[in-house]
Amino acid sequence: MKAVVDRKKLFNPLGSDTLEARRIIKGDSTNIFNLNNVKYQWANSLYRVMMGNFWIPEKIDLTSDKNDYVNLTDEERDAYDGILSFLIFLDSIQTNNVPNVSDHITAPEVNLILSIQTYQEAIHSQSYQYIIESILPKEKRNLIYDKWRDDKVLFERNKYIAEIYQEFIDKPSDKTFARVLIADYLLEAIYFYNGFNFFYLLASRNKMMGTSDIIRLINRDELSHVVLFQHTMKEILNENPGFFDEEEICSLFREAVEQEINWTNHIIGNRVLGITTETTEAYTKWLANERLRSLGMKPIYEGFNRNPYKHLDRFADTEGEGHVKANFFEGSVTSYNMSSSVDGWDEL
Ligand SMILES: [Fe+2]
Ligand SMILES: [Fe+2]
């Protein structure tokens with residue numbers, strides 16, 4: 001068996017493409033995309049869902065958002081700008097880092113969907129450019145991109161994520177790779193969502209409706225990334241018992257939740273109608289419990305069983321026909337009932 005530290009070869013003529021030999025990490029495939037011969041069927045289903053989600057930011061009209069923006073309260077505007085700054089960082093680092101993860105995944109069907117994820121993260125990055133250019137006054141635009149330079153809380157958060165990713169590149173090992181996958185899962189599954197809810201809250205008051213439309217599409221993509229990492233982690237654990245240390249997962253979850261709450265209090269606090277430090281804590285801990293459950297683990301926050309933003313679900317509306325369902329991450333991928341999905345490539 002290969003070690004995870006071995007970056008997969010671009011072409012590995014002596015490898016084996018049989019399903020018996022295939023492993024999600026540490027495998028020895030030729031790295032030819034023979035997609036008639038797929039071991040991880042969930043990856044095929046997910047490919048269909050992700051491709052079906054394709055969207056273009058410019059198709060969403062942001063004209064009325066420009067007027068809404070100047071009529072936001074100062075606190076709402078600060079939150080809007082700050083959340084955008086953090087989202088820009090998250091999508092930048094994912095666009096850069098997902099290929100590093102893929103270099104160590106040895107199942108072509110999974111490499112394929114990681115490529116789709118990378119391109120989706122690139123679309124997200126570009127959508128922020130479109131939002132900023134359409135809505136924000138010229139003198140403010142670079143401030144959004146550069147906010148981490150002056151905002152210590154934002155800088156520390158960004159640095160923390162980047163260091164976990166960088167550690168694997170600098171010192172590749174099973175342990176550092178496991179940490180990257182957990183951090184990826186936390187980023188996709190926890191970090192975005194207090195920010196998303198802020199935009200849905202504005203939409204519930206008929207404000208910044210175009211921005212919310214874009215956020216909803218990003219949200220839909222992110223949920224497919226949550227599922228991607230969930231399945232990848234479960235398969236790795238299945239094939240490599242003991243690869244993940246449950247204690248480490250819990251401690252990284254705790255750190256992520258603490259940072260998410262601190263950041264949200266820093267950027268929103270009790271200053272925006274509909275969000276309080278209590279709802280932020282309740283939401284983040286509830287979400288972490290849900291995400292742990294989806295990994296087959298026990299929740300770590302006792303008593304946090306309720307989503308305080310349930311009333312915003314209809315503004316999130318990622319459940320439209322043909323869309324990723326909001327509870328997508330709770331089911332098995334094969335159960336997704338997509339009119340456009342197919343069970344096998346033979347049906348195409
Ligand atoms: Fe993204
Ligand atoms: Fe993502």
Side-chain angles (χ1 to χ4, degrees), residues 42-43 46-58 60 82-103 105 110-132 144-145 148 154 157-158 160-162 164-165 179-200 211-233 252-253 256 259-260 263 287-288 290-291 294-295 316 318 323-329 333:
W42 55 266
L46 201 47
Y47 176 88
R48 294 277 141 206
V49 171
M50 292 169 86
M51 288 302 288
N53 283 347
F54 179 76
W55 59 284
I56 295 170
E58 282 79 1
I60 293 161
I83 290 165
L84 263 186
S85 297
F86 184 51
L87 295 183
I88 286 167
F89 173 78
L90 294 179
D91 280 297
S92 300
I93 198 150
Q94 287 304 79
T95 308
N96 281 325
N97 192 54
V98 172
N100 292 330
V101 173
S102 193
D103 279 348
I105 299 285
V110 181
N111 298 123
L112 195 75
I113 49 176
L114 285 167
S115 296
I116 307 297
Q117 182 188 346
T118 306
Y119 108 90
Q120 289 185 335
E121 307 295 18
I123 293 176
H124 302 170
S125 296
Q126 190 265 322
S127 73
Y128 304 131
Q129 174 273 327
Y130 172 60
I131 288 175
I132 287 171
I144 306 281
Y145 289 106
W148 58 270
L154 182 59
R157 259 208 107 169
N158 293 355
Y160 173 79
I161 304 164
I164 294 179
Y165 288 176
R179 280 171 63 84
V180 166
L181 293 168
I182 302 165
D184 260 309
Y185 184 60
L186 287 166
L187 188 152
E188 301 287 349
I190 305 274
Y191 288 171
F192 284 101
Y193 299 84
N194 276 292
F196 288 164
N197 279 324
F198 167 77
F199 294 112
Y200 300 143
T211 309
S212 273
D213 284 342
I214 290 181
I215 292 296
R216 197 172 298 125
L217 292 163
I218 295 174
N219 192 162
R220 193 176 72 176
D221 290 344
E222 300 309 347
L223 288 175
S224 69
H225 308 166
V226 172
V227 175
L228 202 172
F229 276 92
Q230 221 168 68
H231 279 269
T232 301
M233 288 170 75
L252 285 168
F253 257 81
Q259 288 192 13
E260 180 66 14
W263 161 251
L287 186 64
E290 290 294 308
R291 300 309 202 210
S294 310
L295 281 182
T318 50
H323 293 180
V324 176
K325 295 198 182 312
N327 65 353
F328 191 84
F329 54 86
V333 181

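Here, residue 1 is the first one in the sequence, and each next residue gets the next number. Counting starts at 1 for both ligands and their atoms, in listed order. Predicted model, so just to flag it, every value in this text is computed and none were measured.
Aromatic rings of Phe86 and Trp263 (six-membered ring for Trp) have centroids within the 6.0 Å cut-off, being under it.
Between Leu228 and the options Glu188, Met233, Met50, a side chain to side chain contact (heavy atoms under 4.5 Å, CB included) holds for only Met50.
When distances from the Fe ion (ligand 2) to the N, O or S atoms of Glu121 are compared, OE2 comes out shortest. Taking the N/O/S atoms of His124 in turn, the shortest distance to the Fe ion (ligand 1) belongs to ND1. Distances from the Fe ion (ligand 2) to each N, O or S atom of Glu222 single out OE1 as the nearest.
Taking 2.8 Å as the threshold, Asp91 does not count as a candidate ligand of the Fe ion (ligand 2), since none of its N, O or S atoms lies below it. One of the N, O or S atoms belonging to His225 lies under 2.8 Å away from the Fe ion (ligand 2). None of the N, O or S atoms belonging to Asp221 lies under 2.8 Å away from the Fe ion (ligand 1). Taking backbone and side chain together, Glu188 holds no N, O or S atom under 2.8 Å from the Fe ion (ligand 1).
For the residue pair Asn100/Tyr165, the side-chain donor-acceptor check at 3.5 Å is not satisfied.
Note: Asn96 CG to Ser125 OG = 8.5 Å, rounded to the nearest 0.5 Å. Note that the CG atom of Leu186 and the CZ atom of Phe253 stand 5.0 Å from one another [nearest 0.5 Å].
Aromatic ring pairs are classed by plane angle as parallel below 30°, tilted from 30° to 60° and perpendicular above 60°; the pair Phe196 and Tyr200 is tilted.
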